[in-house]
Structure formats: structure tokens, C-alpha cells
Number of protein chains: 2
Amino acid sequence: MRTVTERSDAVLAVATAFRRFGYEGASISAITEQTGLGKGSLYNFFPGGKEDMATAVLDEVGAWFQAEVYEPLLHEGTASARITAMFDAVEAYFTSRQLVCLFGAFALGQERTRFGEPIQQYFAAWIDALRTALHDGGAGREADDAATDMVSGIQGALVLARALDDISLFHGALDRMRARALTLLD
Amino acid sequence: MRTVTERSDAVLAVATAFRRFGYEGASISAITEQTGLGKGSLYNFFPGGKEDMATAVLDEVGAWFQAEVYEPLLHEGTASARITAMFDAVEAYFTSRQLVCLFGAFALGQERTRFGEPIQQYFAAWIDALRTALHDGGAGREADDAATDMVSGIQGALVLARALDDISLFHGALDRMRARALTLLD
DNA sequence: GACACTTTGTACCTATCGGTACATGATGTA
DNA sequence: TACATCATGTACCGATAGGTACAAAGTGTC
């Protein structure tokens with residue numbers, strides 16, 4: 001029997017493959033095995049091949065962050081509630097995805113050349129939204145540095161937690177950042 | 001004319017190739033072009049092939065950090081001088097190496113499986129040495145978290161500075177960490 | 001149930017992958 | 001200067017890379 005898939009499901013499956021193998025390490029046959037999709041399906045959904053797949057994956061992840069992280073940071077509730085919600089969302093997101101941020105991982109390799117624009121956009125939008133929330137909460141001049149430090153701190157925590165294979169390092173680092181954010185407000 | 005190289009020079013050249021292309025992205029022919037060494041030389045110096053090259057590179061970098069960062073953190077001068085020296089050394093090191101920490105980059109990809117042990121060793125030794133210096137300087141119970149936060153913070157700053165292609169983000173982040181370290185001492 | 005359209009598996013292509021073999025050239029030591 | 005040792009370039013290998021072509025099978029619409 002032949003199972004039929006839609007593109008949006010394929011994107012999610014391919015994202016998992018990239019998280020596991022990296023961009024260069026994800027050969028088409030590795031993607032095939034990981035996702036259960038044959039070459040026919042992959043090249044049907046992504047006519048541009050591997051680069052097309054990666055673009056679609058980055059788009060999907062970027063859209064998710066836009067809707068679930070950046071937008072809420074700008075609009076809903078008090079500043080401290082918005083910032084707490086950001087940490088909660090991000091913690092749950094990466095915890096369920098092997099502690100891999102594809103944008104961060106791509107930034108460290110030569111993939112940065114190919115996908116520089118979406119990578120830049122992802123981090124710039126994140127820092128911008130967080131800075132706004134911090135500013136709204138009365139963080140004043142510190143908002144700028146604090147926003148970059150927190151986004152950077154999350155990336156560093158992902159690296160270290162993976163390196164030492166200890167997820168509690170990730171949770172601990174986020175807890176301390178949450179606490180620091182709250183002291184900046186009030 | 002034939003130019004003759006020694007292994008230690010080859011290791012440094014190969015390291016540059018891995019920084020530029022990543023482990024999976026560094027094909028033998030790419031390494032050949034980047035380093036100027038032919039296959040004959042490469043497989044003479046590194047009989048085990050690519051994995052052998054990476055092991056040698058990680059060994060070299062690990063030894064450099066041991067001698068230039070961890071040891072000084074444990075021995076020479078006052079705690080604040082030792083910690084300042086660490087930040088200076090690390091800042092100069094990564095600035096002159098395209099803002100790539102090979103251990104961090106490998107930790108984010110599937111290379112982690114292959115090189116898990118040296119990766120773990122690198123970060124554990126770093127955190128340990130820094131914690132000791134902070135403790136010596138009177139940081140008390142905070143020394144533990146501060147040490148992991150700083151090592152993690154450096155990794156995050158590398159990611160973010162590369163992602164936004166803005167080296168000043170790296171310098172700025174390190175300046176703030178230096179300042180924070182000093183407030184923990186005294 | 002006919003028909004257009006999308007999804008899927010398979011066979012096949014060329015280029016490049018990592019790696020080996022080995023003759024030739026350079027180097028240091030006696 | 002003879003000789004052992006180490007470094008180097010080149011030719012070659014099978015396996016796999018990413019990608020194409022296309023016929024068969026599913027799916028939605030009327």
C-alpha cells in the first residue's frame with residue numbers, strides 16, 4: 001500500500017532529519033530513511049533539492065517563532081508575563097527537538113553563506129521583540145544588551161547542554177535568565 | 001619543486017579547513033585545496049583519514065586551551081588577573097579564527113557521536129578551571145553557576161556574532177562578562 | 001465512474017566521495 | 001656520498017552523492 005503525504009508534513013519530517021544529521025551530513029538517502037519518504041516524493045515537494053528542503057524548513061521554523069514567540073512578546077499581557085511565556089515556549093520547543101536550533105547550527109558552518117539572510121532575520125527579529133518587551137517593562141537602557149545577552153545565552157546553553165549531554169544545564173541556564181529578566185523589570 | 005611539510009603544520013592547516021567547511025562539508029578535495037597538501041601527504045600524516053584528521057585537530061586545540069587558558073586560570077597571579085587573562089586569550093583566539101569553536105560546532109551536529117569524549121573533556125576542564133579561579137577570588141556559592149554561564153555565554157556569543165555577521169557582538173558580550181566576573185570577586 | 005491532478009517507487013545518470021597503491025623526490029645522518 | 005626514512009604527486013578504485021525521468025497508484029470533483 002502506498003501512503004500519501006502532504007507537503008507540510010514532509011517539511012516537519014525533513015526538519016527532523018536536518019536536526020539529526022546537519023545540513024551537509026543529511027544525504028538524500030539519509031533523509032529518505034529518516035522521513036520514510038522516497039526520492040520521488042522529496043523531489044516532488046522540493047523541486048530544488050536539498051537547498052529547497054532547507055529553505056522550506058527554515059521558513060517553517062521562522063514562521064513558528066514569529067507566531068509563538070515574537071508576536072506574543074510584542075502584544076499580549078504584562079511585560080513580565082510575555083517574557084516568562086517566551087522562555088517557557090522556547091524551553092519546550094528545544095527540549096522536544098534534541099536541543100538543536102537549526103538557525104544556530106547553520107550559523108556555525110558554511111551553511112551561513114547559503115542561508116545568511118533567513119538566519120540574520122531570525123535572530124534580529126527575536127532580539128528586537130525581546131528588547132521591546134524589556135523596554136515596555138521599564139528595563140530602560142539595559143534592555144538592549146539584555147536582549148542580545150538572553151538570545152545569545154539561549155544559544156550558548158544549547159551548545160553546552162549538547163556538548164556535556166546534560167539537559168539540566170539547559171533548564172538551569174534558562175531559569176537564571178528568567179530570574180535576571182524579572183529583576184530588570186519592576 | 002616539492003615543498004615539504006611537517007605534521008604539526010598540517011594539523012593547523014586542516015583545522016582551518018574544518019573551521020571553514022565543517023566536518024561533513026570538508027571533503028578531502030576541499031581540504032586538499034584549502035591546505036595545499038595533496039592526498040599523499042594527508043594520508044601519510046593521517047592514516048585514519050578524515051576522522052584521524054579531526055581527532056588530531058581536536059587534540060591540538062585542546063592542548064592549546066589546556067596550556068594557554070586552563071593552566072593559567074589555576075595558577076598564575078590574582079584571581080581577577082587570571083580571569084581577565086582568560087577572556088583576553090579567548091577573545092584573541094576566536095577573533096583570529098573566524099569565530100568558530102570546533103568543539104562547539106561539533107557539539108551541535110552528529111559529529112557529537114564520534115567525538116563526544118574530547119568535546120566533553122574540553123568543556124568540563126574549562127568550566128572546572130574557571131570555577132576554581134572564581135572560587136579562589138571569593139565568589140562563593142555563585143562560582144558554580146557563573147562558570148557555566150560564562151563558558152556557555154562565550155559559545156552563544158560566537159553563534160550570535162556569526163549569525164548576524166557582526167564581530168562587535170562578540171566583543172561586547174565578552175566585555176560584559178568580564179565586568180560581571182569582577183563584580184563577583186572582591 | 002470518468003478525468004485531471006498529485007503523490008510515489010524505481011531505474012538510471014554523472015560527478016564526486018573517501019580511500020589505496022606506489023613510484024618519485026626530498027631530507028637527515030653516518 | 002650512500003642509505004634509510006619520510007613526504008609528495010598521480011593514477012586508480014568501488015561506493016555513494018545529488019539529481020532526473022517516468023510509469024503506476026491515489027485522490028478529489030463533477
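Convention: sequence-line order gives letters A, B, ...; per-chain numbering from 1.
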Task: Side-chain N,O (N44(B)) to OP1/OP2 (dT8(D)) below 4.0 Å - done: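 Checking dT8(D) against N44(B), no side-chain N or O comes under 4.0 Å of OP1 or OP2.
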
Open item on the list: dA17(D), OP1 or OP2 - any side-chain N/O from S29(A) closer than 4.0 Å?
Closed with: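 Checking dA17(D) against S29(A), a side-chain N or O does come within under 4.0 Å of OP1 or OP2.
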
Please list, pair by pair, any protein nitrogen or oxygen found under 3.5 Å from a nitrogen or oxygen in nucleotides 11-14 of chain C.
none

TODO: May I ask you to say whether R178(B) pairs ionically with E91(B), meaning some side-chain N is under 4.0 Å from a carboxylate O?
DONE: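 Here R178(B) pairs with E91(B) in a salt bridge, since their nearest N and O are under 4.0 Å apart.
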
Task: Salt-bridge present (E60(B), R7(B); N to O < 4.0 Å) - done: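 Salt bridge between E60(B) and R7(B), a charged N being under 4.0 Å from a carboxylate O: no.
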
Nearest-angstrom distance from the residue atom [atom1] of [X] to [atom2] of [N]:
{"X": "L42(B)", "N": "dT10(D)", "atom1": "CG", "atom2": "P", "value": "14 Å"}
{"X": "F45(B)", "N": "dT5(D)", "atom1": "CZ", "atom2": "C1'", "value": "13 Å"}
{"X": "E33(A)", "N": "dG9(C)", "atom1": "CD", "atom2": "P", "value": "14 Å"}
{"X": "I31(A)", "N": "dT16(D)", "atom1": "CD1", "atom2": "C1'", "value": "14 Å"}
{"X": "Y43(B)", "N": "dA11(D)", "atom1": "OH", "atom2": "P", "value": "18 Å"}
{"X": "E24(B)", "N": "dG18(C)", "atom1": "CD", "atom2": "C1'", "value": "12 Å"}
{"X": "E6(A)", "N": "dC5(C)", "atom1": "CD", "atom2": "C1'", "value": "15 Å"}
{"X": "D9(B)", "N": "dT8(D)", "atom1": "CG", "atom2": "C1'", "value": "15 Å"}

Open item on the list: Hydrophobic cluster membership, with links at side-chain heavy-atom distances under 4.5 Å among I/L/V/M/F/W/Y: are L158(A) and I167(A) in one?
Closed with: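 Same hydrophobic cluster.
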
Task: Worked check of side-chain contact (heavy atoms from CB on, under 4.5 Å) between L42(B) and V14(B) - done: CA-CA 9 Å; L42(B) 288 173; V14(B) 170; 4.1 Å; yes

Task: Non-neighbouring partners of F18(A) that pass ring-ring contact (aromatic ring centres under 6.0 Å, His included), sequence neighbours left out - done: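 Residues passing ring-ring contact (aromatic ring centres under 6.0 Å, His included) with F18(A): Y23(A).
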
Task: Given DNA chain D, 5'-ward residue of the pair T5(B) and S27(A), judged by closest heavy atom - done: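 Counting from the 5' end, the first nearest nucleotide belongs to T5(B).
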
Open item on the list: Run R131(A) and E142(A) through salt bridge (charged side-chain N to carboxylate O under 4.0 Å, His left out) and show every step you take.
Closed with: CA-CA 9 Å; R131(A) 173 179 39 225; E142(A) 291 188 274; over 6 Å; no

